Amino acid sequence: MKKFIYAILSLTLLTGVFSCKKYLELVPAGQLLLTKSSDYRLLLDQITKTGKSNGFYATYSTDAMVDDDMVMNSYSVTTYAPAMLNAFQFAPQLYMEAESDVDWEAMYNQIYVANLVIANVMTATGAETEKRQLIAEARVHRAYAYLILVSLYAKQYDPATAASDPGVPIRMETDFEEKLVRKSVQQVYDYLTADLKLAIPDLPLVPELPHTNRPVKAAALTILARASQYMNHQQEAHDYADESLKTYSTLSDYNKLLQYAYFLPVIYWTYPEHFKNSEVLLEKTAISSNLMFMSQPLLNLYDFTNDMRASTTILDGKLYGIDYGYLSIISGNPYKGPSVAESYLIRAEASARLGNADAAMADVNTLRKARYKTGSVYTLTASSAEQALLLVKEERRRELAFC
């Protein structure tokens, strides 16, 4: 049985605040000191919520409320917390004074633990290669957290102003007295991309089921590709996504998913469960699950006859007795981390923005082939890079809705 690691207590003991050896040898019941590399593995593998810690599994969720893909109705409005409704209405203040921002809190909790691992694991007992891998994993978790934070709480990257635009604080230590000031957007991007590049040499190449919560080389490369695309560094985005796909490019053929009858005669296909999805490069999910009704413009993008995403991720509310439209099954427990599908979409978008429409469409069609019914027409064509970019964006919207 996994035990929650009380990092602060263990550090206090290990740094010798208690000078007598007999006190150092006492391990409080139900607690585990960070003395072995396997202890740090437990720390990084923590996926369940314990106290104020969300582990490394939970990530952002409030952003869904400002997405054009969801709509509110008289039924769903009763299911949201006040902060979520404030976000939907673009209120100037989301949280009341006594409330905390769950997205901000989760990311900085993860950053703190990542800092703890990076600073101390090399002093633990265990194999050198294992400890270096744990540091690399912590760097990827930390970089991902900063990418989310700078995307949610700062201005979009603008090369002309990024060096002066306020970003988010960069926490480099585990000292609670550390003085935190907002770094520039450029400094945050520089920090997180450096972390990812340092991590890559010591990471496993590809994900291993059911440990998709552990960072791998392909995940780090796709996060680098995402960050590069956010910065409009399209050639870098293309190259990182390309390297990720050369490392690992497994897509799930939706034609091979198991079928089940939700309510006869309605047939659904079982969407891959968490920690069992071979497409996921780094498993993350939303902090809170929400009831998301899909907007009509989003629904209009799907081919309900041949696109199997419509019968794996979209549910007619009438089947639940809720006659308010269609719900996203994914929104209830969404995948938030990088995936093989995203790698294809990043490379496709970069190709389109670099003027290569054929390459962009080749990647889009590779993804669509794995999503459409066998024998149906799934290919798209573009006569220009501009048209290719539009088609890539639409495919991204279909594939990554609510993720």
Side-chain angles (χ1 to χ4, degrees), residues 49 54 58-96 98-106 148 151-153 254 257 260-274 284-337 341-342 371 390 393-403:
K49 183 176 177 63
N54 292 101
T59 183
Y60 61 104
S61 59
T62 309
D63 68 304
M65 300 303 296
V66 296
D67 196 328
D68 290 338
D69 289 342
M70 68 88 67
V71 293
M72 192 78 72
N73 55 53
S74 58
Y75 175 81
S76 63
V77 72
T78 64
T79 68
Y80 293 107
M84 302 295 277
L85 293 175
N86 288 339
F88 181 78
Q89 299 175 81
F90 290 90
Q93 183 172 324
L94 303 189
Y95 297 94
M96 301 301 291
E99 296 177 308
S100 61
D101 183 333
V102 292
D103 293 344
W104 178 277
E105 190 175 75
I148 299 307
S151 299
L152 291 178
Y153 299 101
Y254 277 29
L257 298 179
Y260 70 99
Y262 192 86
F263 286 121
L264 290 175
V266 180
I267 301 296
Y268 274 81
W269 282 263
T270 53
Y271 190 73
E273 297 178 10
H274 286 273
K284 302 280 186 179
T285 194
I287 293 173
S288 57
S289 60
N290 298 291
L291 188 66
M292 295 290 182
F293 283 89
M294 304 172 71
S295 68
Q296 194 59 49
L298 174 61
L299 290 168
N300 291 342
L301 292 176
Y302 291 92
D303 175 352
F304 275 76
T305 301
N306 298 307
D307 189 343
M308 297 180 69
R309 287 172 294 195
S311 51
T312 56
T313 64
I314 301 173
L315 181 67
D316 187 345
K318 292 179 182 177
L319 298 178
Y320 276 122
I322 309 172
D323 193 8
Y324 288 94
Y326 289 86
L327 298 110
S328 167
I329 298 174
I330 296 298
S331 67
N333 195 13
Y335 291 95
K336 287 284 192 177
E342 184 188 3
R371 302 298 189 249
L390 175 63
K393 287 182 176 180
E394 289 180 347
E395 196 64 35
R396 175 185 285 275
R397 195 173 175 188
R398 278 186 285 265
E399 179 67 26
L400 302 179
F402 304 102
C403 292

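All residue numbers in this chain count up from 1 along the given sequence. FYI, side chains are in, hydrogens and waters are out, and symmetry mates aren't considered; it's all heavy atoms of this structure. What you are looking at is a predicted structure, and each value in this text was computed from that prediction instead of being measured.
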Checking [X] now: which residues fulfil salt bridge (Lys or Arg N to Asp or Glu O under 4.0 Å) with it, not counting sequence neighbours?
X: Asp69; value: Arg397
X: Asp103; value: none
X: Lys284; value: none
X: Arg309; value: Asp307, Glu395, Glu399

Practice task
Would you check if Asp323 and Tyr75 make a side-chain contact, meaning some heavy-atom pair closer than 4.5 Å?
Solution key: no

Exercise for the section: Would you check if Thr313 and Phe402 make a side-chain contact, meaning some heavy-atom pair closer than 4.5 Å? Expected result: no

From [X] atom [atom1] to [Y] atom [atom2], the distance as rounded to the nearest 0.5 Å:
X: Leu257; Y: Thr312; atom1: CG; atom2: OG1; answer: 7.0 Å
X: Leu400; Y: Lys336; atom1: CG; atom2: NZ; answer: 10.5 Å
X: Tyr326; Y: Leu298; atom1: OH; atom2: CG; answer: 12.5 Å
X: Ile329; Y: Ser311; atom1: CD1; atom2: OG; answer: 9.0 Å
X: Asp303; Y: Arg371; atom1: CG; atom2: CZ; answer: 15.0 Å
X: Asp101; Y: Thr62; atom1: CG; atom2: OG1; answer: 6.0 Å

Residues in side-chain contact (heavy atoms from CB on, under 4.5 Å) contact with [X], at least two apart in sequence or another chain:
X: Phe88; answer: Met65, Met70, Met72
X: Glu394; answer: Leu301, Leu390, Leu391, Arg398
X: Gln93; answer: none
X: Ser151; answer: Leu147, Tyr189, Tyr230

Exercise for the section: Specify whether Tyr153 and Trp104 have parallel, tilted or perpendicular ring planes, treating 30° as the upper limit for parallel and 60° as the lower limit for perpendicular. Expected result: perpendicular

For [X] and [Y], which heavy atoms make the closest approach, and how far apart are they?
X: Leu299; Y: Phe304; answer: O-CE1, 3.6 Å
X: Ser74; Y: Tyr324; answer: OG-CE2, 3.3 Å
X: Ser100; Y: Glu105; answer: OG-OE2, 3.5 Å
X: Met292; Y: Ala64; answer: CE-CB, 3.3 Å

Fill in the blank from the handout: side-chain hydrogen bond (donor to acceptor under 3.5 Å, both in side chains) filter on Asn300, not counting sequence neighbours, yields Gln296

Handout entry: Non-neighbouring partners of Ser76 that pass side-chain hydrogen bond (donor to acceptor under 3.5 Å, both in side chains), sequence neighbours left out
Key = Asn73

Exercise for the section: Begin from the C-alpha positions of Leu327 and Leu291 and carry the test side chain to side chain contact (heavy atoms under 4.5 Å, CB included) through to its verdict. Expected result: CA-CA 7 Å; Leu327 298 110; Leu291 188 66; 2.9 Å; yes

Fill in the blank from the handout: ring pair (Phe, Tyr, Trp, His ring centres under 6.0 Å) filter on Tyr60, not counting sequence neighbours, yields none

Completion exercise
Residue set satisfying ring pair (Phe, Tyr, Trp, His ring centres under 6.0 Å) with Tyr95, at least two apart, ordered chain then number -> none

Practice task
Examine distances only and state if a side-chain atom of Ser295 and a backbone atom of Asp68 form a donor-acceptor pair shorter than 3.5 Å.
Solution key: yes

